[in-house]
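See below for the structure under consideration.
Numbering starts at 1 and runs along the sequence shown. Only a predicted model underlies this, so the values are computations on that prediction, with no experimental measurement involved.
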Amino acid sequence: MPDPLDRLRLPVVAVEPRPEFAAALRRRLEGDVASDDSVVVRPTATVRYFVDDLDLAVAFYRDELDFDVEMQPSPAFAMLYRGELRLLLSTPAGHVLPDGAVPEPGGWNRMSLRVADLARTVEDLRRRGVRFRNEIVSSVGVHQILLQDPAGNLVELFEPTDGYHERT
């Protein structure tokens, strides 16, 4: 007699990472070797966003914000990279918390992406139909603007100005 749960099981999808990803992952795990033979470990920041339409969100981050799609093994999850930033995109399905709450896209949490020329970047993205929540504003050490991905999640684009400080 067949197992009645077989009908509920999802198929196993083999994932073969790109060679570039495998090499980058190996460097992250092993650390980079400096000129004095010491190991330098570069941390990877990870941001996770919930989205309504995974394909639309993946296309947005890939085409509009220059992320590399590392994997999209299911219709509910994708992993993308932009430099040392890892972006995990998930649909809310199956993510029910003990109190019954379900995560939803949007809100004020966001990632910040540094760009070389904010005005030109904004102009280019507007031409391509990207939605912005505000106009460019100046703050301490940066000019910045907020855009929305297709699910309503915020992304901050910023360009450093005099007074900008980043830890080395």
>> Could you work out, with side-chain hydrogen bond (donor to acceptor under 3.5 Å, both in side chains) as the rule, every residue matching R133, not counting sequence neighbours?
In response: none
>> Testing the basics here: between A78 and V58, what is the closest heavy-atom pair and its distance to 0.1 Å?
In response: CB-CG2, 3.6 Å
>> Test of understanding: with salt bridge (charged side-chain N to carboxylate O under 4.0 Å, His left out), list the residues that count as partners of D124, not counting sequence neighbours.
In response: R127, R128
> Which heavy atom of F50 sits nearest a heavy atom of A151, and at what distance?
Replying inline: O-CB, 4.2 Å
>> Less than 4.5 Å apart, side chain to side chain, heavy atoms only: is that true for T46 and R48?
In response: no
> Looking at residues at least two apart in the chain, or sitting in another chain, which of them share a side-chain contact (heavy atoms from CB on, under 4.5 Å) with P75?
Replying inline: none
> How long is the span from the CG atom in L85 to the CZ atom in R114, to the nearest 0.5 Å?
Replying inline: 14.5 Å
>> If I take atom NE2 from residue H143 and atom CD from residue E159, how far apart are they, to the nearest 0.5 angstrom?
In response: 6.0 Å
>> Can you give me the closest heavy-atom contact between Y49 and M111, atom names plus distance?
In response: OH-N, 3.0 Å
> Which residues satisfy the side-chain contact (heavy atoms from CB on, under 4.5 Å) test with L56, sequence neighbours excluded?
Replying inline: D53, P150
>> Go through it in stages, so that I can follow the logic: the residues are L65 and D149, the test is side chain to side chain contact (heavy atoms under 4.5 Å, CB included), and I'd like the CA-CA distance, side-chain angles, deciding distance and then a yes or no.
In response: CA-CA 10 Å; L65 298 177; D149 74 7; over 6 Å; no
> By side-chain hydrogen bond (donor to acceptor under 3.5 Å, both in side chains), which residues pair with R82, not counting sequence neighbours?
Replying inline: none
> Roughly how far, to the nearest 0.5 Å, is the CD atom of E64 from the OG1 atom of T121?
Replying inline: 12.0 Å
>> Can you confirm whether D55 sits close enough to Q72 that some side-chain heavy atom of one is under 4.5 Å from a side-chain heavy atom of the other?
In response: yes
> Any side-chain heavy atom of L146 sitting closer than 4.5 Å to one from E156?
Replying inline: yes
> Residues in salt bridge (charged side-chain N to carboxylate O under 4.0 Å, His left out) with R62, at least two apart?
Replying inline: none
>> The criterion is side-chain hydrogen bond (donor to acceptor under 3.5 Å, both in side chains); which residues satisfy it with S74, sequence neighbours excluded?
In response: none
> Any side-chain heavy atom of N153 sitting closer than 4.5 Å to one from R110?
Replying inline: no
> Quick one: ring-ring contact (aromatic ring centres under 6.0 Å, His included) partners of F67, sequence neighbours excluded?
Replying inline: Y61
>> I'd like to check the side-chain contact (heavy atoms from CB on, under 4.5 Å) partners of V122; sequence neighbours left out, ordered by chain and number.
In response: L118, R126, F132, I136, I145
>> Please report the interatomic distance CG(L89) to CZ(F77), rounded to the nearest 0.5 Å.
In response: 8.0 Å
> Does T91 reach the main-chain N or O of D52 with its side chain, forming a donor-acceptor pair under 3.5 Å?
Replying inline: no
> Considering residues at least two apart in sequence or located in another chain, which fulfil the side-chain hydrogen bond (donor to acceptor under 3.5 Å, both in side chains) criterion with E70?
Replying inline: R18
